[in-house]
Amino acid sequence: SLPSRWPSSNVPALPPHENTDADEDGDHPALRIDRHRRTPVGVGRRVPLCPAADTAAAPSRSRTAAAGRRRRRRSEDAAAAPVRRTEMVPHPGSGPEISRVRPDDYAALLRAKVAVLEGRVRDAFSASHPGNIPARLPETEVFESSRAAFRMRANFKVWRTEDGSAHYVMFERGDVRTPHEVAEYPMGSAQLQGLMGPLLDAVRTTEELRERINDVRFLTTLRGDALITVTYNRPIGEDWAAAAGALSARLADAGYGAVSFVGRSRGVKLVVGSDTVRETLTVVPPPAGDAAATHRASLTPRLRYEQTEGAFSQPNAEVCEKMLGWAADATRGSHGHDLCELYCGNGCFTAALAPNFRGVVATETSKASVELARRNLAANDLHNVRVARLSAEDFVDAYAGVRTFQRLRDARIRLVAAGTPPPDGPPPDPDGVAVFDRLRTLFVDPPRAGLDVTCRDLARTFDRIVYVSCNPETLARDLTDLAATHRPVRLAAFDQFPYTPHLEAGVVLERRR
């Protein structure tokens, strides 16, 4: 169903849609395993994903009773739950609504999403005006997607039949009990679409690949790398690795390039090839006058990244390039001060923004993401950035001088408390310690939940805020809270997810004078 604010006139209805990522701020829930391990492993090598249990310890009486209560609750829940269909709904030659593209409706659907975004942002700033006078917003910069072949990654369940056949299936929004066959997937990149058929043929003909298979997850890049993760409801081992290795060799011989495989079962991760892919993104500048666009295009950098299996990456790479270009353009000319970035992930935006600033301090809570961000920054020869494993709340305390953290010392970062007058000249660097005493711009790309109260309080202390959001609803909530101290100077809409109600947004806020 459409949002309540969705314009109803002359707009084609969106199909019920189940976003294949479950949410835009992270991967499909099934991908949230093995957050602790990112290093590639050898072919066929078992990787324990959690510490071994102490099998010698006998369970206590209270633990046994609690386990019994949980089993009873699960039995009751299972009895009350709707029954999953025992048959797949076939879609020969097409697919369910969730997997279809509608190029003729694209422009109207995007206009409707942009109208919803503009209404929410306008309401957020109007609330701070005397008498709730409608706020005047900057003109929205709209960045379109390709109409088809735009998704670099996708997840499919695998439906097995008694005769040994197998099919990709997806579930429509609001109906997780009915599997629909996905015979083709025009949303996927050309490389992703090309790999779907050969993989499914191999699953159908190879018992080791087919037995109790659960789902398949494709990850492709503009550069041409491909990684396929296959999960199982049974133990896998050397036999699976050998079968996957043989398939990888056949794909290479057929012209698909080097395709890596990751096999997962409970407590086991097997890697054939590598569990990372390489990506190259061009920082595309926003549209401008012909002369300006030509000059800026000649200076446009191409950034190199690693993307890790199971970690978040933007699904629509071409739109991601436009997002990077917009953010870089919004912050250019900032060499006299420093940037603070929260939720930096693998350093996707960090690498694009770093050349605009004297220095950058970036934080992320995931240890694996911090390590990946540092590798990506080094690959792009960026040396004015320090990345620390720190939550946003902890950064607030550190920036205010309330607490000190060993992780900041390990990353050779020293934060000068907010409000301290900065010294003249370049930032001091005693013993390799980066001193950040001119933090005036804040960049945030938070999860769907948006910024919490602590982060919003921190944001008010910055002269400029660049906010990229995957959820216009929580964006509007946060802007309402920031409207008293900041005003919008740029607003952008990025169509990361065509044919769905989802829309990425970007807002640049400057402190009110």
Side-chain angles (χ1 to χ4, degrees), residues 327-328 330-367 369-378 380-446 451 454-468 482 485-486 508-511:
T331 57
R332 59 193 174 100
S334 304
H335 294 94
H337 65 275
D338 302 328
L339 170 70
C340 171
E341 180 183 3
L342 306 180
Y343 317 101
C344 74
N346 70 351
C348 182
F349 280 98
T350 320
L353 299 179
N356 289 348
F357 292 88
R358 185 188 72 160
V360 179
V361 57
T363 67
E364 169 61 48
T365 58
S366 165
K367 180 179 180 180
S369 294
V370 168
E371 294 172 352
L372 188 58
R374 289 171 177 166
R375 293 205 303 270
N376 287 333
L377 293 167
N380 290 286
D381 200 28
L382 295 168
H383 304 291
N384 65 331
V385 184
R386 296 292 170 86
V387 184
R389 184 187 173 197
L390 210 65
S391 70
E393 295 80 1
D394 288 344
F395 178 85
V396 171
D397 287 347
Y399 186 44
V402 175
R403 298 170 61 193
T404 60
F405 294 89
Q406 183 61 44
R407 290 175 180 175
L408 287 176
R409 290 192 288 269
D410 292 343
R412 296 180 299 170
I413 294 171
R414 183 161 71 86
L415 301 174
V416 176
T420 302
D424 295 329
D429 188 17
D431 300 322
V433 175
V435 180
F436 294 93
D437 49 26
R438 297 184 184 181
L439 289 170
R440 298 176 187 171
T441 299
L442 174 69
F443 180 87
V444 290
D445 180 12
L451 302 177
T454 302
C455 291
R456 294 199 294 271
D457 290 341
L458 171 68
R460 292 192 192 93
T461 67
F462 284 81
D463 294 337
R464 178 172 58 189
I465 306 167
V466 182
Y467 191 144
V468 173
L482 297 170
T485 55
H486 290 74
V508 179
L509 307 174
E510 290 184 353
R511 182 179 299 281

Please round to the nearest 0.5 Å and tell me the distance separating atom [atom1] of [X] and atom [atom2] of [Y].
| X | Y | atom1 | atom2 | value |
| --- | --- | --- | --- | --- |
| Thr363 | Leu342 | OG1 | CG | 4.5 Å |
| Tyr343 | Ser366 | OH | OG | 14.5 Å |
| Arg440 | Arg511 | CZ | CZ | 11.5 Å |

For [X], side-chain contact (heavy atoms from CB on, under 4.5 Å) partners two or more places apart:
| X | answer |
| --- | --- |
| Ala362 | Glu341, Cys344, Thr350, Val387 |
| Thr454 | Glu393, Val396, Asp452 |
| Asn380 | Leu303, Arg304, Ala351, Leu382 |
| Arg460 | Asp457, Asp481, Leu482, Thr485 |

Worksheet item: Hey, are the side chains of Arg358 and His337 touching, using non-hydrogen atoms and a 4.5 Å cut-off?
Response: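 No, side chains not in contact.
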Worksheet item: In chain order, what residues pass the ring-ring contact (aromatic ring centres under 6.0 Å, His included) check against Phe349, with sequence neighbours excluded?
Response: Phe443
Worksheet item: Which residues pass the ring-ring contact (aromatic ring centres under 6.0 Å, His included) test with Phe395, sequence neighbours left out?
Response: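 For Phe395, the residues satisfying ring-ring contact (aromatic ring centres under 6.0 Å, His included) (neighbours in sequence not counted) are Tyr399.
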Worksheet item: Can you find a side-chain donor-acceptor pair between Asn356 and Thr331 that sits under 3.5 Å?
Response: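 A pair is found: one side chain offers a donor N or O, the other an acceptor, under 3.5 Å apart.
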Item to complete: For the pair Val416 and Val435, evaluate side chain to side chain contact (heavy atoms under 4.5 Å, CB included) and give the outcome as yes or no after the intermediate values.
Response: CA-CA 7 Å; Val416 176; Val435 180; 3.7 Å; yes
Worksheet entry | Closest contact, heavy atoms only, Leu451 versus Tyr467 | CD1-CE1, 3.6 Å
Fill in: Test side chain to side chain donor-acceptor pair (under 3.5 Å) applied to Arg464 - qualifying residues, sequence neighbours left out
Ser334, Thr441
Item to complete: Could I get the full list of side chain to side chain donor-acceptor pair (under 3.5 Å) partners for His383, not counting sequence neighbours?
Response: Asp381
Item to complete: With sequence neighbours left out, write down each residue that passes salt bridge (Lys or Arg N to Asp or Glu O under 4.0 Å) with Asp445, or none if nothing qualifies.
Response: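 Salt bridge (Lys or Arg N to Asp or Glu O under 4.0 Å) check on Asp445 returns nothing, list empty.
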